[in-house]
Amino acid sequence: MSHFIVVGAGQAGQSIVTTLRGQGFDGEITLIGDEPVPPYQRPPLSKAYLLGDMDLDRLYLRPLSYYADETIDLRMGASVTALDPVAKTITVDGEQLSYDKLALTTGSAPRLLPASIGGTLQGVYTMRTLSDADAIEPEFKEGASVLIVGGGYIGLEAAAVAAKKGLKVTLVEMSDRILQRVASKETSDYFRALHQSHGVDLREGVGLETLVGDSRVHAAKLTDGTTLEVDFVIVGVGITPNTQLAELAGLVLDNGIMTDRHSCTSNPDIFAAGDCASFPHMGHQMRLESVGNAIDQGAVAAKNMLGQAVDYTPKPWFWSDQFDVKLQIAGLSTGHDQVVIRETEGTRSHWYYKDGALIAIDAMNDPRGYMVAKRLIEAGKTADPAVVADPATDLKALMRG
């Protein structure tokens, strides 16, 4: 009987094992995770879960009974210490397992502040795992002062939760503007105004020089010369792909674990998906850090582990919840040369164009605009910018154009 092993029990790993069973694979499946809980959703950690609006059970992608029902050997809190691609074995907590096909869905790890500037002080947190969220939650006391380092989506989401809970929030972003790496100036402007309207002290073009404290942080010196008293700090300065096992196996790395259009690595029996894996797109190896990519790439990897030769075609989508705004993103805005703003009562969306073609959308409380743009982008169609900008336009009509 064939044995398929998946190392990494996140969204991509879950997608692979679910797809394998859904495609009729009746061999052995082992799913290995280093956390002591079943696979769960990460995005709500910095949103609904931290706010107390989502219970732990609702975070789980499947109830624990699912794995027994589907005869999936789920190993939680497990450590993989060796991978031998010649013998086709891995070592898990001292036990050697043989595989026929292996998938690496090892995800990513948050970048940490150096110890030399206080990164290892107590009261300094990252927001990546369930244990991170559980460790931070007791700090969210009304009136407490928090410094958030990094103005990407994780930092902004944490700032929104803290402000809603009555904390004094300061956010610093070294770049000229928040969301600079992932969104247009127009979107940055929108979210800057949103946060400032809720009392967030948002400082752009300002970095962290050092954190101050003996064992626990109590102050922060910033690059503009100011010093802040803080009760705790949340660091959101990006992530790096977990490629250690791939390196042990001698797999080719290129912006993460390099895969081909079938999600196969440089070893024909080893596949990869999710945050840790890059794939060919428009002439280079792209890596997408999103739930949608983890699900879709995982499903493709599973089908190709079964020999189906399915190509992976990314259809990027993302979302973020901040205060009373739900941001939905479709497509990739990289290289855009025009942003069209569409605004109606209660909704706003930014439509990105490149060489006259629609390539992405940022939709704020505008689910209809998001769905229409997403379908157009995925179909390779566009929409006249002037028509999009007109609030009187019936967006559904764009689909018939």
Heavy-atom side-chain proximity of L228 to L147 below 4.5 angstrom
yes
Listed once per pair and sorted, the ring-ring contact (aromatic ring centres under 6.0 Å, His included) pairs that draw on residues 215-247, sequence neighbours left out:
F140-F232
Looking only at atom types and distance, does a side-chain atom of R128 sit under 3.5 Å from a main-chain N or O of A109, one as donor and one as acceptor?
no
Between S79 and T81, a side-chain donor and acceptor under 3.5 Å
no
Residue pair R342 / T393, side-chain heavy-atom distance below 4.5 Å:
yes
Would you say the side-chain atoms of S15 pair up with the backbone N or O of I295, donor to acceptor, closer than 3.5 Å?
yes
Using modelled atom types only, decide if a donor and an acceptor are shared between the side chain of D362 and the backbone of H350 within a distance under 3.5 Å.
no
Quick check for you: to the nearest 0.5 Å, what is the distance between C276 atom SG and Q244 atom CD?
10.0 Å
For residues 230-256, which residue pairs qualify under salt bridge (charged side-chain N to carboxylate O under 4.0 Å, His left out), counting only residues two or more places apart or in two chains?
none
Let's go through T89 and S98 carefully: what are the C-alpha distance in whole Å and the side-chain angles of both, what is the deciding distance for side chain to side chain contact (heavy atoms under 4.5 Å, CB included) to 0.1 Å, and is it a yes or a no?
CA-CA 4 Å; T89 62; S98 297; 3.8 Å; yes
Pair listing, ring-ring contact (aromatic ring centres under 6.0 Å, His included) test, anchored in residues 84-126, at least two apart:
none
Candidate pair R42 and L130, rule side chain to side chain contact (heavy atoms under 4.5 Å, CB included), full reasoning
CA-CA 8 Å; R42 292 193 193 278; L130 179 60; over 6 Å; no
Tell me every residue that passes ring-ring contact (aromatic ring centres under 6.0 Å, His included) with F4, counting only those two or more places apart in sequence or in another chain.
F25
In chain order, what residues pass the salt bridge (Lys or Arg N to Asp or Glu O under 4.0 Å) check against R21, with sequence neighbours excluded?
none
Does some side-chain heavy atom of R368 sit less than 4.5 Å from a side-chain heavy atom of K396?
yes
E95 and R75 ion-paired at < 4.0 Å
yes
Quick one, Q23 and Q308 - any side-chain contact, counting heavy atoms below 4.5 Å?
yes
Tightest non-hydrogen contact, residues A12 and A273, listed as CB-O, 3.9 Å
Near K165 NZ, under 6.0 Å, is it more than 12 heavy atoms from other residues, nucleotides or ligands?
yes
Is there a donor-acceptor pair under 3.5 Å between the side chain of S197 and the backbone N or O of L194?
yes
Could you check whether any side-chain heavy atom of V17 comes within less than 4.5 Å of a side-chain heavy atom of P39, counting everything from C-beta outward?
no
Please report the closest heavy-atom contact between E186 and I341, naming both atoms and the distance.
CG-CD1, 4.0 Å
Beyond-backbone contact of L74 with Y66, side-chain heavy atoms, under 4.5 angstrom:
no
Would you say V124 and T120 make side-chain contact, with heavy atoms under 4.5 Å?
no
Donor-acceptor contact below 3.5 Å, side chain Q297 vs main chain G274
yes
Short question: side chain of S290, backbone of F318 - any donor-acceptor pair under 3.5 Å?
no
Please check if the number of heavy atoms outside M174 that lie under 6.0 Å from its CE is greater than 12.
no
To the closest 0.5 Å, what do you measure between CG (D311) and CG (N304)?
8.0 Å
What is the minimum heavy-atom distance between A277 and T259, and which atoms define it?
CB-CG2, 4.1 Å
Say whether, by atom type as modelled, one donor and one acceptor occur between the side chain of N255 and the main chain of S278 under 3.5 angstrom.
no
Looking at D324, is its backbone amide N or carbonyl O close enough to the side chain of N365 to form a donor-acceptor pair, meaning the two atoms are under 3.5 Å apart?
yes
For a quick test of reading the model, state the closest non-hydrogen atom pair linking P110 to I239 and the distance between them.
CA-CG2, 4.0 Å
Can you check side chain to side chain contact (heavy atoms under 4.5 Å, CB included) on V182 and T187, steps first, answer last?
CA-CA 10 Å; V182 294; T187 297; over 6 Å; no
Which residues satisfy the salt bridge (Lys or Arg N to Asp or Glu O under 4.0 Å) test with R111, sequence neighbours excluded?
none
Residues 153-163, side-chain donor-acceptor partners within the protein, below 3.5 Å, at least two apart:
from, atom 1, to, atom 2, distance (Å)
E157, OE1, S46, OG, 2.7
E157, OE1, K47, NZ, 3.4
E157, OE2, K47, NZ, 3.3
E157, OE2, S320, OG, 2.7

Under the rule for ring-ring contact (aromatic ring centres under 6.0 Å, His included), what residues qualify as partners of F279, not counting sequence neighbours?
Y312
Below 30° counts as parallel, above 60° as perpendicular, anything between as tilted: where do the rings of F323 and H198 land?
parallel
Pair T30-H3, side-chain donor/acceptor within less than 3.5 Å:
yes
Measure the NE2-CE distance between H284 and M282 for me, rounded to the nearest 0.5 Å.
8.0 Å
All salt bridge (Lys or Arg N to Asp or Glu O under 4.0 Å) counterparts of E28, not counting sequence neighbours
none
Tell me if a side-chain donor or acceptor on T226 pairs with a main-chain N or O of L222 at a distance below 3.5 Å.
no
Using the salt bridge (charged side-chain N to carboxylate O under 4.0 Å, His left out) rule, collect all pairs that involve residues 79-88, keeping only residues at least two apart or in two chains.
K88-D269
To the nearest 0.5 Å, how far apart are CG in L171 and CZ in R192?
11.5 Å
In Å and rounded to the nearest 0.5 Å, what is the OG1 to CG distance from T265 to L251?
4.5 Å
Stepwise side chain to side chain contact (heavy atoms under 4.5 Å, CB included) check, T106 with V7:
CA-CA 6 Å; T106 45; V7 180; 4.1 Å; yes
Are I16 and F271 side-chain neighbours, meaning at least one heavy-atom pair lies under 4.5 Å?
no
If you measure only the distance, is there a donor-acceptor pair under 3.5 Å linking the side chains of D275 and S108?
yes
Let me confirm one number: the CG-OG1 distance from D390 to T344, rounded to the nearest 0.5 Å.
11.5 Å
Which donor-acceptor pairs under 3.5 Å do the side chains of residues 49-62 make with protein atoms, sequence neighbours left out?
from, atom 1, to, atom 2, distance (Å)
Y49, OH, D134, OD1, 2.6
R58, NH1, D53, O, 3.4

Residue pair A78 / D93: nearest heavy atoms and the distance that separates them:
CA-OD2, 3.4 Å
Taking T347 for its side chain and D366 for its backbone only, find out whether a donor-acceptor pair lies under 3.5 Å.
no
What closest approach, in Å, do S188 and L179 show between heavy atoms, and which atom pair accounts for it?
OG-CB, 3.9 Å
Counting only pairs under 3.5 Å, give me each side-chain donor-acceptor contact of residues 326-338, with atom names and distances, residues two or more places apart or in other chains.
from, atom 1, to, atom 2, distance (Å)
K326, NZ, D321, OD1, 3.3
H336, ND1, S333, O, 2.9
D337, OD2, D355, N, 2.9

